[in-house]
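A quick write-up on the structure given underneath.
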Amino acid sequence: MSGPWTLATWNVNSIKMRAPAVAAWIDARRPDLLALQELKLTEDDFPGAEFATRNFRAAIHGQKTYNGVAFLSADALEDVAKGMPEMEDDPQARLIKARRGDVTIINVYVPNGSTVGSDKYAYKMRWLDAFARHLETRHRPDEALVVVGDFNVAPEARDIYDPVAFKDQVLFSEPERAALGRLFDWGLVDLFRRFHEDAGLYSWWDYRAAAFRRKLGARIDLIFATRALADRALRCEIDVEPRRAEKPSDHTPVWAQFA
DNA sequence: ATGGTCGTCTAACGA
């Protein structure tokens with residue numbers, strides 16, 4: 001557990017369907033810790049054997065059919081916590097937290113929000129508010145903290161294929177971006193943008209309308225680190241290769257390496 | 001063309 005280590009985030013859109021792809025990606029890229037979203041199953045149904053043979057242990061916050069988040073770790077995780085007290089009555093499994101050495105990792109699956117103005121959008125905004133309060137009251141911006149996951153929000157215009165069309169749409173509406181802004185104001189850094197400036201670098205493409213082939217995507221799978229931890233980052237990359245495979249997730253992995 | 005495609009205890013939902 002000494003030396004540089006790699007943390008990846010991947011919305012797998014059903015771990016039951018994607019376990020072989022995740023195992024192959026572990027074999028190819030050798031990450032130390034994976035944060036997965038959209039498991040779509042309960043902890044009891046998690047296909048852990050495929051990862052145990054690779055000496056990866058799972059920490060799972062699951063539910064039937066929807067949502068679900070997990071860590072796959074080659075090293076011991078401590079202080080594992082599931083859900084957040086700020087959304088205590090919420091049955092949706094969208095957050096898991098753990099500590100690896102001196103680094104705390106929070107893995108989130110932010111609600112999609114459906115369409116602006118819908119009940120699901122209101123839930124998304126309530127969830128993001130609860131998450132900001134969670135950080136503000138239970139963490140400090142000077143600790144070694146990283147928040148990874150599917151945020152279902154593109155931070156900037158260069159992070160979505162048609163920012164003008166999406167200006168008032170879900171994934172890029174003003175209130176959603178303001179919710180990310182609150183996290184930046186608290187002290188988180190969008191790690192990918194410490195290493196890459198270009199527009200058109202996406203982590204998700206809709207299955208419909210040949211969006212991947214047409215390069216119509218968004219960067220919504222994000223790695224946010226406190227400044228103290230961001231200064232230890234050596235790289236941050238999107239690996240588009242898994243999105244090219246047969247039967248892919250609609251999201252592709254994003255990873256960071258830390259000293 | 002309010003379309004398209006995936007995944008979910010195969011029927012509409014959610015993404």
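All values reported here derive from a predicted model rather than from experimental measurement. Residue numbering restarts at 1 for every chain, and letters A, B, ... go by the order of the sequence lines. All values below were derived from every heavy atom in this structure, side-chain atoms included, with hydrogens, water molecules and symmetry-related copies excluded.
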What is the distance, rounded to the nearest whole Å, between atom [atom1] of [X] and atom [atom2] of [N]?
X: H251(A); N: dA15(B); atom1: NE2; atom2: P; value: 11 Å
X: L216(A); N: dT5(B); atom1: CG; atom2: C1'; value: 14 Å
X: M17(A); N: dC6(B); atom1: CE; atom2: C1'; value: 9 Å
X: D45(A); N: dG7(B); atom1: CG; atom2: P; value: 18 Å
X: E38(A); N: dT8(B); atom1: CD; atom2: P; value: 10 Å

Exercise for the section: Please work out if R18(A) contacts a base, only the sugar-phosphate, or nothing of the nucleic acid, heavy-atom cut-off 4.0 Å. Expected result: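 Sugar-phosphate, backbone atoms only, no base.
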Exercise for the section: Classify the nucleic acid contact of K64(A) as base, sugar-phosphate or nothing, counting any heavy atom under 4.0 Å across all strands shown. Expected result: base
Completion exercise
Result for 5'-nearest mapping on DNA chain B, choosing between Y207(A) and Y109(A), is Y207(A)
Fill in the blank from the handout: Nearest-nucleotide check on DNA chain B, W204(A) vs S14(A); residue mapping nearer the 5' end is S14(A)
Any chance [atom1] of [X] has more than 12 other-residue heavy atoms, nucleotides or ligands included, within less than 6.0 Å?
X: R57(A); atom1: CZ; answer: no
X: R232(A); atom1: CZ; answer: yes
X: D79(A); atom1: CG; answer: yes

Which value, in whole Å, describes the distance between the [atom1] atoms of nucleotides [N] and [M]?
N: dG14(B); M: dC9(B); atom1: P; answer: 15 Å
N: dG4(B); M: dA15(B); atom1: C1'; answer: 13 Å
N: dC6(B); M: dA1(B); atom1: P; answer: 25 Å
N: dG3(B); M: dC13(B); atom1: P; answer: 15 Å

Exercise for the section: Would you mind telling me which of dG4(B), dG14(B), dC9(B) lies closest to the side-chain atoms of T65(A)? Expected result: dC9(B)
Exercise for the section: Locate the shortest heavy-atom distance separating T226(A) from A144(A); write the atom from each residue and the value. Expected result: OG1-CA, 3.9 Å
Handout entry: Presence of K247(A) side-chain N/O under 4.0 Å of dG7(B) phosphate oxygens OP1/OP2
Key = yes
Exercise for the section: Look at S249(A) and dC6(B) and indicate whether a side-chain polar atom (N or O) is within less than 4.0 Å of OP1 or OP2. Expected result: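 No, outside the criterion.
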Handout entry: Within the 6.0 Å centroid threshold, strictly below: F151(A) and Y109(A)
Key =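 Aromatic pair excluded; centres sit 6.0 Å or further apart.
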